[in-house]
Amino acid sequence: MTPFTEKVIHIIKNIPQGKVMTYGQVARLAGSPRAARQVVRILHSMSNNHHLPWHRVVNVKGEIVIKREDGFQEQKLNLEAEGVEIENSNKVNLETYQVKE
DNA sequence: GCCATGGCTAGTA
DNA sequence: GCCATGGCTAGTA
């Protein structure tokens with residue numbers, strides 16, 4: 001496990017319940033502003049997760065972007081269970097729910 | 001060569 | 001809707 005990967009995992013683990021971060025935001029906090037896709041890759045490869053609240057990471061528009069076969073419903077249900085409201089069946093309001101930096 | 005992005009233009013309405 | 005981005009893995013040598 002590389003330092004960048006460890007940082008990313010640490011950051012995601014610290015997203016509070018009922019809050020979300022974007023892929024790019026996680027990358028930025030981990031010190032690589034343009035490595036959003038790498039954050040995606042890490043999450044994807046760890047989808048059989050190490051107790052990671054992966055469902056609290058969404059894209060820059062607040063959308064759930066997982067394919068249905070993977071965990072779309074799971075992510076949605078997990079978020080709703082924490083009190084996060086889903087608009088238009090796939091979107092969270094970042095104004096309200098995104099962790100401020 | 002992968003990836004669950006993101007930021008930009010082109011081009012429609 | 002295009003494509004640059006980047007850290008990592010797979011898989012060859």
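Note that the structure is predicted; figures quoted are calculated from it, not measured. Throughout, a chain's letter reflects where its sequence line sits, starting with A, and its residues are numbered from 1.
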Visitor: Looking at Arg41(A), does any N or O in its side chain come under 4.0 Å of the phosphate oxygens OP1/OP2 on dG7(C)?
Guide: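 It does not, given that no N or O in the side chain of Arg41(A) lies less than 4.0 Å from OP1 or OP2 of dG7(C).
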Visitor: Got a donor-acceptor pair under 3.5 Å from the side chain of Arg37(A) to the base of dT5(B)?
Guide: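 Such a pair is found, so the answer is yes.
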Visitor: In whole angstrom, give the distance that lies between atom CD of Gln25(A) and atom P of dG6(B).
Guide: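 For the pair Gln25(A) CD and dG6(B) P, the rounded distance is 10 Å.
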Visitor: Using Watson-Crick or G-U wobble geometry with both distances below 3.5 Å, tell me the partner of dT9(B), or none.
Guide: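 Looking at the geometry, dT9(B) pairs with no nucleotide.
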Visitor: Run through Ile66(A), Ile42(A), Ile15(A) and flag the one making a side-chain contact (heavy atoms from CB on, under 4.5 Å) with Trp54(A).
Guide: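 The single option meeting the side-chain contact (heavy atoms from CB on, under 4.5 Å) with Trp54(A) is Ile66(A).
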Visitor: Is the shortest side-chain N/O distance from Ser45(A) to OP1 or OP2 of dC3(B) below 4.0 Å?
Guide: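 So the side-chain polar atoms of Ser45(A) never come under 4.0 Å of the phosphate oxygens OP1 or OP2 of dC3(B).
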Visitor: Between atom CD of Gln75(A) and atom CZ of Arg56(A), what is the distance when rounded to the nearest 0.5 Å?
Guide: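 Taking CD in Gln75(A) and CZ in Arg56(A), the distance rounds to 11.0 Å.
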Visitor: Of all the nucleotides listed (dA4(B), dG6(C), dG6(B)), which has the minimum atom distance to the side chain of Arg34(A)?
Guide: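 Out of dA4(B), dG6(C), dG6(B), the nucleotide with an atom closest to Arg34(A)'s side chain is dG6(C).
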Visitor: Quick check on DNA chain C: between Met1(A) and Ala35(A), whose nearest nucleotide comes earlier from the 5' end?
Guide: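 Mapping each residue to its closest nucleotide by heavy atoms, the 5'-most match is Ala35(A).
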Visitor: Between Gly24(A) and Gln38(A), which residue's closest nucleotide on DNA chain B lies nearer the 5′ terminus?
Guide: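 The residue mapped nearer the 5' terminus is Gln38(A).
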Visitor: Find the distance between NZ (Lys13(A)) and NE2 (His51(A)) and round it off to the nearest 0.5 Å.
Guide: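 Going from NZ on Lys13(A) over to NE2 on His51(A), the span is 8.0 Å.
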Visitor: Any side-chain heavy-atom pair from Met21(A) and Leu29(A) closer than 4.5 angstrom?
Guide: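 Yes. Closest side-chain heavy atoms under 4.5 Å.
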Visitor: Reckon Phe4(A) touches a base, only the sugar-phosphate, or nothing at all at heavy-atom distances under 4.0 Å?
Guide: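 Sugar-phosphate: the residue Phe4(A), judged by heavy atoms under 4.0 Å, touches backbone atoms but no base.
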Visitor: Taking the side chain of Thr22(A) as heavy atoms from C-beta outward, which of dG6(B), dA4(B), dG6(C) is closest to it?
Guide: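 Out of dG6(B), dA4(B), dG6(C), the nucleotide with an atom closest to Thr22(A)'s side chain is dG6(B).
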